[in-house]
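Report on the structure given below.
Numbers restart at 1 for each chain; the letters A, B, ... are given by sequence-line order, proteins then strands.
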Amino acid sequence: MVVPVLTARFGVPGAHTLEVARRHGVYADLGRVLALDPGAVITEVTASGLRGRGGAGFPTGAKWGFVPPPERRGNRPVHLLVNADESEPGTFKDRVLLWHDPHRVIEGTLVAARALGCHRAWIYLRGEFKFLQARLDAALAEARAARLVGPDVLGSGFDCEIATLRGAGAYICGEESGLIESVEGKKGMPRIKPPYPAVVGAFGDPTVVQNVETLAAVPWILEHGAAAYRAFGTPASPGTKLFSVSGHVRRPGVYELPLGTPFPELLQAHAGGLGPGRTLQAVIPGGSSVPVLTADEAMGATLDYEDMARLGTFLGSGGVIVLDDTADLVAALANLTRFYAHESCGQCTPCREGCGWMARIAARVAAGRGTVEDLATLEDLARALPGRTICAFGDAAALPVLSFLARFRSAFEARVQP
Amino acid sequence: MSAWPDDLAPEAASILASAPTPCAATLPLLWLVQDQRGWIPDEALGWVVAATGQTLAQLEAVLSFYTMFRRAPAGRWVLEVCRTLSCELAGAPRLLDHLQARLGVGIGETTPDGAFTLLAVECLAACGSGPVLHVNGVPYERVTPERADDILTALCEGRLPERPEADAWSYPS
Ligand SMILES: Cc1cc2nc3c(=O)[nH]c(=O)nc-3n(C[C@H](O)[C@H](O)[C@H](O)COP(=O)(O)O)c2cc1C
Ligand code: SF4
Ligand code: FES
């Protein structure tokens with residue numbers, strides 16, 4: 001049994017309140033950490049090998065290192081934006097984490113803010129998370145009253161305000177520069193990079209956008225050390241990760257596993273396996289935006305960044321969607337293309353137009369009214385996206401189409417007219 | 001006119017005071033209006049424009065970009081059903097059909113008595129416990145047609161039903 005890094009307080013009654021959270025170790029090490037040199041905090045996080053859990057898997061310590069020092073940023077402030085937009089289909093871990101352990105997320109935010117020299121952080125929740133905002137605001141109020149948030153945190157001399165903000169329904173606000181635009185009060189349209197947010201972000205200031213789960217791992221890493229964190233996972237994928245499992249399994253849910261865990265173990269031991277008599281058909285391993293795997297590929301896979309890359313897909317957000325032999329894969333792709341058509345922000349022509357066309361064609365094919373030519377057009381539209389758009393949404397919309405057509409061609413060919 | 005009405009003015013002032021820039025107060029101010037009025041009436045655009053420094057055109061663009069801001073009144077209970085893949089696999093189409101039949105309205109419509117608005121929305125981040133239904137933003141998970149009936153009965157009595165699933169993170173069938 002693995003020591004839970006992220007889920008230790010799941011199921012502890014009242015763990016969302018300060019008193020219970022503290023009794024179960026939250027904030028216990030914060031005073032010591034705040035007294036450390038910020039550079040030492042970044043060094044430890046870098047040594048842990050922690051990678052961003054929002055989808056891109058970027059090394060967290062390296063990102064923090066990109067923020068220019070005060071003298072090279074004209075003494076501009078640094079902002080920390082906690083990405084709680086969680087809108088990637090198949091992903092529901094940040095919601096569960098914030099609900100069960102809001103104080104650990106606040107603690108991770110404080111530690112990151114300290115490391116970055118940031119005195120004002122925002123937790124950006126998707127618009128539909130009103131119920132979570134209430135929970136977090138209550139936790140923040142308790143933390144403020146206990147001098148854990150606000151001026152002179154725990155008497156350390158470090159000031160840090162944390163507040164929540166809420167979007168209003170737009171998947172693209174999860175993309176870091178879309179999120180920044182939204183925080184500024186605008187449409188959440190992603191920015192052209194470079195400059196990267198760590199240099200020019202919110203309000204023109206250096207800004208770090210970090211996923212909820214990433215920050216929740218940080219206090220544990222500092223308390224137990226980078227080496228203890230690296231005892232889990234693989235050399236290229238250290239630590240543990242939350243997997244959100246949905247679809248055709250008997251026990252869907254959020255499970256914390258060391259990276260490198262074989263997929264069959266997640267499926268059988270945690271998610272309860274498939275329904276009686278069912279066989280596995282396909283697995284989307286990292287949220288709807290990553291390429292789908294065949295049953296054989298998935299059953300031979302380990303859940304880490306490198307094995308997913310070997311299979312031509314991504315670990316993404318860890319949103320695992322399991323499809324058994326009853327799933328209509330053509331309908332599944334039509335559903336996903338509709339999602340991307342609905343969510344494209346519309347700035348880039350190949351994305352705005354391509355997503356709309358892909359959705360209409362995929363719906364026609366799913367309804368049995370498509371032609372062989374439609375499949376070729378779908379592929380053409382999808383191929384026109386990656387690398388030709390402002391943000392990675394273009395890839396996200398294209399990869400499901402390309403991978404479903406490549407790996408499950410016969411299901412599509414069986415549905416179309418010649 | 002652009003002055004905030006008395007009932008909203010104190011909260012609007014405090015939002016503006018804590019926002020890093022006036023423009024950054026836009027979404028919180030719009031939420032304030034919608035939470036208190038149920039929708040965003042035209043007159044509110046003047047209040048927000050004056051407070052944030054956005055132009056009316058910019059504000060209209062923001063309002064139409066985000067799906068959750070309402071420019072017309074909705075029913076007392078807004079029912080949002082997730083229709084994205086994991087919920088579809090879990091039976092969302094059946095739930096949507098059932099609600100349409102029970103309420104006698106199509107998706108995007110409000111019942112004639114103004115009690116219910118039915119919407120189909122994209123992934124609500126509860127994919128392991130679909131079908132998911134938000135009632136005025138309160139999440140209900142694993143909503144079978146039978147459970148939907150119980151929820152509707154409670155709403156007709158003017159109350160939100162209990163959410164025994166609220167603390168779960170694993171959902172054995
Ligand atoms: C279309 C799109 C949607 C995204 N949605 C989210 C999201 O909902 N939550 C999230 O944490 N990251 C999301 N990301 C990734 C962010 O851009 C960013 O990489 C991440 O928040 C950085 O934090 P991390 O390094 O801790 O993962 C999205 C990216 C793209 C391209
Ligand atoms: S790729 Fe799509 S979502 Fe991203 S900026 Fe371009 S149009 Fe918007
Ligand atoms: S697919 Fe319905 S909540 Fe994610």
Quiz prompt | Side chain, backbone, both or neither of T91(A) within contact of chain B (heavy atoms, under 4.5 Å) | solution = backbone
Quiz item: Which bit of E343(A) is near chain B, if near means a heavy-atom gap under 4.5 Å: side chain, backbone, both or neither?
Solution: side chain
Quiz prompt | Interface moiety of Q54(B) toward chain A, non-hydrogen atoms closer than 4.5 Å | solution = side chain
Practice problem: Calculate, to the nearest 0.5 Å, the distance between atoms CG and CD1 belonging to L85(B) and I284(A) respectively. | Solution: 5.5 Å
Quiz item: By a 4.5 Å heavy-atom criterion (distance strictly below it), what part of V183(A) contacts chain B: side chain, backbone, both, or neither?
Solution: backbone
Quiz prompt | Interchain contact, V138(B) with chain A, by part (heavy-atom threshold 4.5 Å) | solution = neither
Self-check item: Side-chain H-bond candidate by donor/acceptor type, E88(B) with N335(A), under 3.5 Å
Solution: yes
Quiz prompt | Salt bridge flag under 4.0 Å for residues E213(A) and K93(A) | solution = yes
Self-check item: Interchain contact, P20(B) with chain A, by part (heavy-atom threshold 4.5 Å)
Solution: both
Quiz item: Is a side-chain donor-acceptor pair under 3.5 Å present for H248(A) with D325(A)?
Solution: no
Quiz prompt | Trace of the side chain to side chain donor-acceptor pair (under 3.5 Å) decision for H100(A) with D167(B) | solution = CA-CA 8 Å; H100(A) 286 276; D167(B) 290 323; 5.2 Å; no
Practice problem: Flag the pair R126(A) and D85(A) as a salt bridge only when some basic side-chain nitrogen lies within less than 4.0 angstrom of an acidic carboxylate oxygen. | Solution: no
Self-check item: Contact origin within F203(A) toward chain B - heavy atom pairs under 4.5 Å
Solution: side chain
Quiz item: Pick from L30(B), L59(B), D35(B), L29(B): which one has the most heavy-atom pairs with chain A under 4.5 Å?
Solution: D35(B)
Quiz item: Once the angle between the rings of Y171(A) and Y340(A) is folded into 0 to 90°, is it parallel (under 30°), tilted (30 to 60°) or perpendicular (over 60°)?
Solution: perpendicular
Quiz prompt | Heavy-atom proximity to chain A below 4.5 Å, by part of A25(B) | solution = neither
Quiz item: Looking at R250(A), R338(A), K186(A), which has the largest count of heavy-atom pairs under 4.5 Å with chain B?
Solution: R338(A)
Practice problem: Against chain B, work out which of H79(A), R120(A), M189(A), E88(A) has the most heavy-atom pairs shorter than 4.5 Å and name it. | Solution: R120(A)
Quiz prompt | Atom group of S182(A) that falls short of 4.5 Å from chain B, counting heavy atoms | solution = both
Quiz prompt | Contacting region of W169(B) [heavy-atom separation from chain A under 4.5 Å] | solution = both
Self-check item: Residue, of G137(B), A168(B), S129(B), A126(B), that accumulates the most heavy atom pairs under 4.5 Å with chain A
Solution: A126(B)
Quiz item: For G106(B) and Q100(B), which heavy atoms make the closest approach, and how far apart are they?
Solution: CA-OE1, 3.5 Å
Practice problem: Give the ring-plane orientation class for H270(A) versus Y255(A), where under 30° counts as parallel, over 60° as perpendicular and anything between as tilted. | Solution: tilted
Self-check item: Euclidean distance, R102(B) CZ relative to T111(B) OG1, rounded to 0.5 Å
Solution: 11.5 Å
Quiz prompt | When P252(A), A327(A), G319(A), G127(A) are compared by non-hydrogen pairs under 4.5 Å with chain B, the top option | solution = P252(A)
Quiz item: Which answer fits K187(A), side chain, backbone, both or neither, if we ask what part of it has an atom under 4.5 Å from a heavy atom of chain B?
Solution: both
Quiz item: With a 4.5 angstrom heavy-atom cut-off, which part of R70(B) approaches chain A: side chain, backbone, both or neither?
Solution: neither
Exercise. Tell me, for F129(A) versus chain B, whether the close heavy atoms (under 4.5 Å) come from the side chain, the backbone, both or neither.
Key: side chain
Quiz prompt | For chain B, the option from R166(A), K130(A), E86(A) that forms the most heavy-atom pairs under 4.5 Å | solution = R166(A)
Exercise. Go through the atoms of A90(B) and report whether side chain, backbone, both or neither lie under 4.5 Å from a heavy atom of chain A.
Key: neither
Quiz item: Is E165(B) salt-bridged to R163(B), cutoff N-O under 4.0 Å?
Solution: no
Practice problem: Compare every heavy atom of F92(A) with every heavy atom of V245(A), then report the nearest pair and how far apart it is. | Solution: O-CZ, 3.4 Å
Quiz prompt | Residue, of T84(B), T21(B), L89(B), that accumulates the most heavy atom pairs under 4.5 Å with chain A | solution = T84(B)
